[in-house]
Amino acid sequence: MGPITPVNEPSTTPRRPSPARESPPIIGRTNDLFSLGNCTVVITGGGRGLGIVLAGAVIEAGGDVVYLDLLPHAQRRRVGVCAKAGRPLQDASTHRTCRVDITDAASTEHILEQIAPDALSPNMTLRGLVICAGIQHWAPALDYSVELWRKMLDVNVIGTFTSAKHCARIFKEQNFPASIVLIASMSGHIANRGLTCTAYNSSKASVHRMCRSVAREWGQYDIRINTLSAGYIRTARTFCFCLIIGNDFHTWR
Ligand SMILES: NC(=O)c1ccc[n+]([C@@H]2O[C@H](COP(=O)([O-])OP(=O)(O)OC[C@H]3O[C@@H](n4cnc5c(N)ncnc54)[C@H](O)[C@@H]3O)[C@@H](O)[C@H]2O)c1
């Protein structure tokens, strides 16, 4: 039997010098890598809050936005976002606002079917969907009513699913790679002390699971789907709650 070499003994063999590292080829400017030129993105709940901010990012990256919202004044805000993102205001004419309730599956489908050919005609193919429409409600679990639970699931879960489903069908038919982002929440993973939102938290946990399930089914059509879990962000929706708890986010833990 030969000598046993201790496993952890440092090697005395001199290291070969590593080959000179070549810099990666320059493939373009960073902005070009993230460009959404020639793309239209639908944003549900784009009338205010996170939706309107995300719309600004899409516009800044060169994309067009179609806003689906219950709110009638999304149009006015949209022009403001366009101006802020440095795009000329006349560009806003290619951006549409559609007033729709995403819990009405038939109307949502109808509007999406109109948007796709409209987007194709100015060569701004429908390539993305951000599902931001959502509702929130605080109530102690012991008092939570069945009606409010149903409403929460109707908007945050079923509304999310039907918007994603109808858009995914269009993406599949168009045969272009496309992307869907579901705005979920940290509340789909954890429960925050002081935030009595059982129905909301459950609805967002469902969005996480929905994403994983449909990703398995729609990946074959080149449809990428992800969730984005926001932490607490002050918007019109959360503002009342900020007032109630005294605006001190750090004392919740
Ligand atoms: N603000 C936060 O701290 C936070 C944190 C985590 C996740 N989120 C999620 O981000 C999303 C946006 O939140 P926000 O704070 O901007 O809320 P928000 O209330 O300011 O905006 C939500 C938008 O969705 C629209 N909407 C609601 N129900 C709809 C329906 N049935 N059909 C069509 N449009 C509808 C509303 O009109 C509104 O414009 C929600 O899904 C929310 O759960 C927010």
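Just so you know, residue 1 is the first one in the sequence shown, and it goes up from there. Just so you know, ligand 1 is whichever comes first in the structure, and atom 1 is the first atom listed for that ligand.
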In terms of residue, atom name and distance, what is the protein heavy atom nearest to [atom]?
atom                    : answer
atom 20 (O) of ligand 1 : Arg48 NE, 2.9 Å
atom 27 (C) of ligand 1 : Gly134 O, 3.8 Å
atom 17 (O) of ligand 1 : Arg237 NE, 3.1 Å
atom 26 (N) of ligand 1 : Ala133 CB, 3.9 Å
atom 9 (C) of ligand 1  : Ile183 CG2, 3.7 Å
atom 7 (C) of ligand 1  : Ala184 O, 3.1 Å
atom 3 (O) of ligand 1  : Ile233 N, 2.7 Å
atom 5 (C) of ligand 1  : Gly231 O, 2.9 Å

For [X] and ligand 1, does the shortest N/O to N/O distance drop below 3.5 Å?
X      : result
Cys132 : yes
Thr235 : yes
Ser185 : no

Donor-acceptor pair, [X] side chain versus [Y] backbone, under 3.5 Å?
X      : Y      : result
Gln174 : Leu126 : yes
Ser107 : Val100 : no
Thr162 : Ile158 : yes
His166 : Ile111 : no
Thr125 : Arg127 : no

*Would you say Leu129 and Thr44 make side-chain contact, with heavy atoms under 4.5 Å?*
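Counting from C-beta outward, Leu129 and Thr44 do come under 4.5 Å.
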
*Judged by modelled atom types alone, do Asn156 and Ser203 share a side-chain donor-acceptor pair under 3.5 Å?*
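Yes, Ser203 and Asn156 have a side-chain donor paired with an acceptor closer than 3.5 Å.
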
For ligand 1, which atoms, with element, lie under 4.0 Å from some heavy atom of [X]?
X      : result
Gly45  : 23 (C), 24 (O), 25 (C)
Val100 : 32 (N), 33 (C)
Tyr232 : 3 (O)
Asp101 : 30 (C), 31 (N), 32 (N)
Ala230 : 5 (C), 6 (C), 7 (C)
Tyr200 : 6 (C), 7 (C), 8 (N), 9 (C), 42 (C), 43 (O)

Should the proximity of [X] to ligand 1, defined as any heavy atom under 4.0 Å, be assigned to the side chain, the backbone, both, or neither?
X      : result
Ile102 : both
Thr44  : neither
Gln136 : neither
Ser229 : neither

*Check whether any heavy atom of Ser187 sits under 4.0 Å from an atom of ligand 1.*
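Contact absent.
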
*asked:* Can you tell me if Arg234 contacts ligand 1 (heavy atom of the residue under 4.0 Å from the ligand)?
replied: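 Contact absent.
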
_Asp64 and Leu36: CA distance, side-chain angles, deciding distance, side-chain contact (heavy atoms from CB on, under 4.5 Å) verdict_ = CA-CA 8 Å; Asp64 276 359; Leu36 292 176; over 6 Å; no

*Report the relative orientation of the aromatic rings in Trp218 and Phe161; use parallel for angles under 30°, tilted for 30 to 60°, perpendicular for over 60°.*
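Judged by the thresholds at 30° and 60°, the geometry between Trp218 and Phe161 is parallel.
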
*Evaluate the side-chain contact (heavy atoms from CB on, under 4.5 Å) criterion for residues Asp69 and Thr97: first the C-alpha distance (whole Å), next the side-chain angles of each, then the deciding distance (0.1 Å), finally the verdict.*
CA-CA 8 Å; Asp69 207 296; Thr97 300; 5.9 Å; no

*Cluster check Val214, Tyr221: I/L/V/M/F/W/Y, side chain < 4.5 angstrom*: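 Yes, Val214 connects to Tyr221 through the hydrophobic network.
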
*Please list all pairs passing the ring pair (Phe, Tyr, Trp, His ring centres under 6.0 Å) test where one or both residues lie in residues 104-127, with sequence neighbours left out.*
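Those involving residues 104-127 do not exist here.
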
_Reported CD1-to-OG distance for the pair Ile183 and Ser229, which is rounded to 0.5 angstrom_ =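 Between Ile183 CD1 and Ser229 OG, I get 9.0 Å after rounding to 0.5 Å.
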
*Pairwise distance CG(Leu68) to OG(Ser163) - rounded to 0.5 angstrom*: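 One gets 7.5 Å once the value is rounded to the nearest 0.5 Å.
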
_Winner among Asp69, Leu70, Leu50, Val155 once heavy atoms are compared against atom 25 (C) of ligand 1_ =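 Looking at heavy atoms only, Asp69 sits closest to atom 25 (C) of ligand 1.
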
